[in-house]
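Working notes, beginning with the structure itself.
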Amino acid sequence: MDSDENARRKEEWLERMKREGKLTRNPTEDHKFGLKVLQNTTRREILISLGSERKSYEEIKEKFNLNDSMANFHLNMLEDALYIEKIEEEGKVFYASTPRGEGYVENVEMKK
C-alpha cells in the first residue's frame, strides 16, 4: 500500500469513527486509555499478530491460548481503544487492525 492510499484509508477511517461517535474522548484521555490498553503484553501481541490481515475470533483464542472470557476482555479493550475493529461476516467474527493499530505497530513495535 503506497503512502497516498494509506493517507486516504486513514482519513476514511477517522471520518467513519467520528460518524459512529467513537472519537468522543478528549485527546489526553484517549492517549491515557491507549497506553493503559497497550501495557498488557497479550494485547500488544494480539495487535502485532494481526498485522495487515484479519484473523477470526477462534484463531486469536487458539494462538494466545485464551478462553472466551479472556479473549473477549482483551479484544474489547483493543476495540474500545480503536486499535482493532470487529468484522462480522456470514456468522463469523473477525478482527483487523485499524489505521491507529497499524500505526502503533509500525512506529513503536517495529522500532524496538
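We use all heavy atoms of the structure for the numbers below, so side chains are in, but hydrogens, waters and symmetry mates are not. Please read these numbers as outputs of a predicted model, since none were measured by experiment.
- Atoms NZ and CD, from Lys36 and Gln39 in turn, are 9.0 Å apart once rounded to the nearest 0.5 Å.
- Rounding to the nearest 0.5 Å gives a distance of 7.0 Å between CZ of Arg44 and CD1 of Ile48.
- Side-chain contact between Glu102 and Arg9: present, with at least one pair of heavy atoms (C-beta onward) separated by less than 4.5 Å.
- Using a 4.5 Å heavy-atom threshold, the side chains of Trp13 and Arg100 count as touching.
- Side-chain contact between Ile60 and Tyr95: present, with at least one pair of heavy atoms (C-beta onward) separated by less than 4.5 Å.
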For a side chain to side chain contact (heavy atoms under 4.5 Å, CB included) check, start with the C-alpha distance between Glu62 and Glu58, then their side-chain angles and the critical distance, and finish with the verdict. CA-CA 6 Å; Glu62 184 177 317; Glu58 294 301 324; over 6 Å; no

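- Of all non-hydrogen atoms in Ser49 and Lys55, the two that sit nearest each other are O-NZ, 2.8 Å.
- The heavy-atom pair separating Ile84 from Thr98 by the smallest distance is C-CG2, 3.6 Å.
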For a salt bridge (Lys or Arg N to Asp or Glu O under 4.0 Å) check, start with the C-alpha distance between Lys18 and Glu20, then their side-chain angles and the critical distance, and finish with the verdict. CA-CA 5 Å; Lys18 287 176 188 175; Glu20 294 175 6; over 6 Å; no

Given Arg16 and Glu85, is the salt bridge (Lys or Arg N to Asp or Glu O under 4.0 Å) satisfied, shown in steps? CA-CA 12 Å; Arg16 184 168 47 93; Glu85 58 189 339; 2.9 Å; yes

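- Residues Ala96 and Arg54 share a closest heavy-atom pair of CB-CB, 3.9 Å.
- Leu82 and Phe94 fall into different hydrophobic clusters, where Ile, Leu, Val, Met, Phe, Trp and Tyr are joined by side-chain heavy atoms under 4.5 Å apart, directly or via other members.
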Pairs under 3.5 angstrom only: tabulate donor-acceptor contacts from the side chains of residues 68-78 to other protein residues two or more places apart or in another chain.
residue, atom, partner, partner atom, Å
Asp68, OD1, Tyr57, OH, 3.0
Asp68, OD1, Lys61, NZ, 2.7
Asn72, OD1, Tyr57, OH, 3.3
Asn72, ND2, Asp68, O, 3.1
His74, ND1, Arg43, NH1, 3.1
Asn76, ND2, Asn72, O, 3.1

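- With a 6.0 Å radius and a threshold of 12 heavy atoms from other residues, nucleotides or ligands, Asn67 has its CG atom above the threshold.
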Start with the C-alpha distance between Glu12 and Arg8, add both sets of side-chain angles, then the distance that settles salt bridge (Lys or Arg N to Asp or Glu O under 4.0 Å), and finish with yes or no. CA-CA 6 Å; Glu12 288 172 358; Arg8 183 185 49 75; 3.1 Å; yes

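- Ser97 and Leu47 get closest at one heavy-atom pair: OG-CD1, 3.7 Å.
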